[in-house]
Protein chains: 2
Amino acid sequence: MKKGLSQTCHRFFSTVSNPTRLATLEKLREGPMNVSQLAEALNQEQSMISHNLRPLVRCRFVHVERRGRERIYRLNRETVEALFKIVENHAEKYCPTGGRCP
Amino acid sequence: MKKGLSQTCHRFFSTVSNPTRLATLEKLREGPMNVSQLAEALNQEQSMISHNLRPLVRCRFVHVERRGRERIYRLNRETVEALFKIVENHAEKYCPTGGRCP
DNA sequence: ACCTCGTATGAAACATATTTCATATGAAGA
DNA sequence: TCTTCATATGAAATATGTTTCATACGAGGT
């Protein structure tokens, strides 16, 4: 693997290794949403959601679209669902206790 | 997605969001290796490799086998190759500048 | 029993990431 | 133009993760 991809991997995985951002991705599986809706659904401050959306957009895990004064965030399903599927398969096989590794 | 998987995701992705561990995984694609070999190949202190191998083992990205006084680390290809493939696909599609996102 | 090799470990030092809070920006309506 | 709503942003406060260094442990060989 080339030098560049290693760096890409790092940014890619760092972006999804955060509980707030993971929760955001999970929530967006239900459909596109604006920031306030996400903030309410996840029970977090708007500012925090906003801060955490940025890296998700930067790495294209989600896409934004302006709609008047709100911004609609939409999941990049292709990548995110594939990612979740791998974790599910892996966990099923290697984490029989349900995520709590010894 | 259940509460448990979200936590699993976090641990899973945290583990691979570190340059040393990513380099270790990449190196292990070439075949099983012991700690000293990894340390030399990656030009890092033995202690550091050892510390970083732990989370990789805990999450089963790699497996260990004792051989006399050395320990042979072996990649869990099923999970790791699948993971790399997703990043490659994603990067190709969304990071045309080669990992440097604007 | 002692020495050496390969590896692991704990804890301090260091580096990075996350959250919070106050405030700015920008679009739309009165 | 003034106000309000939705969102973004900067910087301090806080929390987490990583590396280093010194040392411990355990398996072989002598």
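A, B, ... follow the sequence lines: proteins, then strands. Residue 1 opens every chain.
Residues B:Met33 and B:Arg74 fail the side-chain proximity criterion, which asks for heavy atoms closer than 4.5 Å. Between A:Ser47 and A:His51, the closest side-chain pair of non-hydrogen atoms falls below 4.5 Å. Between B:Arg77 and B:Arg29 the shortest side-chain heavy-atom distance falls below 4.5 Å. In this structure, the side chains of B:Val16 and B:Val80 stay at 4.5 Å or more apart for every pair of heavy atoms.
For the pair B:Arg21 and B:Asn52, the tightest heavy-atom approach, listed with the atom from each and the gap, is NH1-OD1, 2.8 Å. In plain terms, the two heavy atoms of B:Leu28 and B:Leu75 that are nearest each other are O-CB, 3.9 Å. A:Thr15 and A:Pro55 make their closest contact through CG2-O, 3.6 Å (heavy atoms, listed as atom of the first residue, atom of the second, distance).
With rounding to the nearest 0.5 angstrom, the SG atom of B:Cys9 is 6.5 Å from the CD atom of A:Glu26.
Across the protein-nucleic acid pair, B:His10 atom NE2 and C:dA17 atom P stand 13 Å apart, rounded to whole Å. Rounded to an integer number of Å, the gap from B:Tyr73 OH to C:dT7 C1' is 8 Å. Remark: C1' of C:dT18 and CG of A:Asn18 are 7 Å apart, rounded to the nearest angstrom.
With sequence neighbours excluded, the residues forming a salt bridge (Lys or Arg N to Asp or Glu O under 4.0 Å) with B:Lys93 are A:Glu78, listed by chain and number. Not counting sequence neighbours, B:Arg54 has no partner by the salt bridge (Lys or Arg N to Asp or Glu O under 4.0 Å) test.
In the 5' to 3' direction, nucleotides of DNA chain D lying under 4.0 Å from heavy atoms of chain A begin and end at D:dT4 to D:dA11.
B:Thr20 comes within 4.0 angstrom of the backbone, heavy atoms only, and of no base.
In this structure, the ring of B:His63 has its center no less than 6.0 angstrom from the ring center of B:Tyr73.
Ring geometry, A:His90 versus B:Phe61: the interplanar angle falls under 30°, so the pair is classed parallel (tilted spans 30 to 60°). Relative orientation of the A:Phe13 and B:Phe13 rings is parallel, given thresholds of 30° and 60° on the angle between their planes.
Taking every heavy atom of residues 30-43 of chain A and every atom of DNA chain D, pairs under 4.0 Å involve A:Asn34, A:Val35, A:Ser36, by number. A heavy-atom distance below 4.0 Å to DNA chain C is reached by these residues of residues 45-57 of chain A, ordered by number: A:Ser47, A:Met48, A:His51, A:Asn52. Of the residues in residues 61-68 of chain A, those with a non-hydrogen atom less than 4.0 angstrom from any atom of DNA chain C are A:Gly68.
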